[in-house]
Amino acid sequence: GEEVAQTPKHLVRGEGQKAKLYCAPIKGHSYVFWYQQVLKNEFKFLISFQNENVFDETGMPKERFSAKCLPNSPCSLEIQATKLEDSAVYFCASSLGRDSLNQPQHFGDGTRLSIL
Amino acid sequence: AQTVTQSQPEMSVQEAETVTLSCTYDTSESDYYLFWYKQPPSRQMILVIRQEAYKQQNATENRFSVNFQKAAKSFSLKISDSQLGDAAMYFCAYRSGGGSEKLVFGKGTKLTVNP
């Protein structure tokens, strides 16, 4: 598609439950990024993919967070045993690739995750 | 690690006036890219303008322009003829020219446009 599509728009979970977020990148884009924006507006990089391969996972909390980008499926970000501090807006972004100089990242509208 | 600093948590401007938002960054790299993103209350992230570090000429996009000072590691955004629709959070972002493609964001500046 022409836009990065994130679902759901809003997800509510009780503390300790699992949360799964989805992202369909723009068709033809080979890079996918996940960012977490907490209530103070600060963005934190979580993980990136080059096609279905993890490209950079330096921002991922390893214990409870996992992510995948499988062929012919939306990418996903899963949080096990959610905590109150996981409440945030999670943005997915995609870009064409490194061979295209200065290609910007195009962002989805985000998924607001509320942990109660 | 690279850092991006936006020293103005909030700014305000009168409609039709000009406002400048500040951004400084810290890096030891010579090849990188800089971006300004706009986030209105709808929370969409909209790319406003981008600058390649190897270009000396400042980028412009209609009413938006940047003042890129590479030696000073400064990348300010100027909005001319401000409009009510410019009201939003503005984020400055850095991307390395090699290695990770991730964006490193500043904490944002909330811009209010007064009629």
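Order of the sequence lines fixes the chain letters, A, B, ..., with proteins taken first and strands second; residue numbering starts at 1 for each chain.
Contacts between D109(A) and chain B at a heavy-atom distance below 4.5 Å involve backbone atoms as well as side-chain atoms. Neither the backbone nor the side chain of I46(B) comes within contact range of chain A, judged by heavy atoms closer than 4.5 Å. Within the 4.5 angstrom heavy-atom criterion, atoms from both the backbone and the side chain of Q105(A) approach chain B. Of the two parts of M45(B), the backbone and the side chain both hold a non-hydrogen atom closer than 4.5 Å to a non-hydrogen atom of chain A.
Summarising the local packing, NZ of K78(B) is surrounded by 12 or fewer heavy atoms from other residues, nucleotides or ligands at distances under 6.0 Å. By the 6.0 Å contact criterion, CG on N53(A) is enclosed, its count of non-hydrogen atoms from other residues, nucleotides or ligands being greater than 12. Within 6.0 Å of CD in E85(A) there are more than 12 heavy atoms belonging to other residues, nucleotides or ligands.
With F107(A) as reference, Y37(B) is the one residue of F91(B), F35(B), Y37(B) to meet the ring pair (Phe, Tyr, Trp, His ring centres under 6.0 Å) rule.
Contact detail for P104(A) and R50(B): the closest heavy-atom pair is CD-NH1, 2.7 Å. Minimum heavy-atom separation, Y31(A) to E101(B): CE2-CG, 3.9 Å. A pairwise comparison of heavy atoms in F45(A) and L103(B) identifies CB-O, 4.5 Å as the closest pair.
Atom-to-atom distance recorded for F55(A):CZ and K102(B):NZ is 11.0 Å, nearest 0.5 angstrom. Atom CZ of F105(B) sits about 8.5 Å away from atom CD of Q37(A), to the nearest 0.5 Å.
Among K44(A), H106(A), R112(A), the residue with the largest count of heavy-atom pairs under 4.5 Å with chain B is R112(A). Ranking Q39(B), K110(B), Q44(B) against chain A, the residue ahead of the rest is Q39(B), based on heavy-atom pairs under 4.5 Å.
L96(A) and V32(A) fall into different hydrophobic clusters, where Ile, Leu, Val, Met, Phe, Trp and Tyr residues are linked whenever their side-chain heavy atoms come under 4.5 Å apart, directly or through other members. One hydrophobic cluster holds both F33(A) and L47(B) under the rule that ILVMFWY side chains link at heavy-atom gaps under 4.5 Å. Connection of L11(A) to W34(A) is established within a shared hydrophobic cluster, with ILVMFWY side chains joined at heavy-atom distances below 4.5 Å, either directly or through further cluster members. Hydrophobic clustering, with ILVMFWY side chains joined whenever heavy atoms are under 4.5 angstrom apart, groups L21(B) together with V66(B). L21(A) and V54(A) fall within the same hydrophobic cluster, where Ile, Leu, Val, Met, Phe, Trp and Tyr residues are linked whenever their side-chain heavy atoms come under 4.5 Å apart, directly or through other members.
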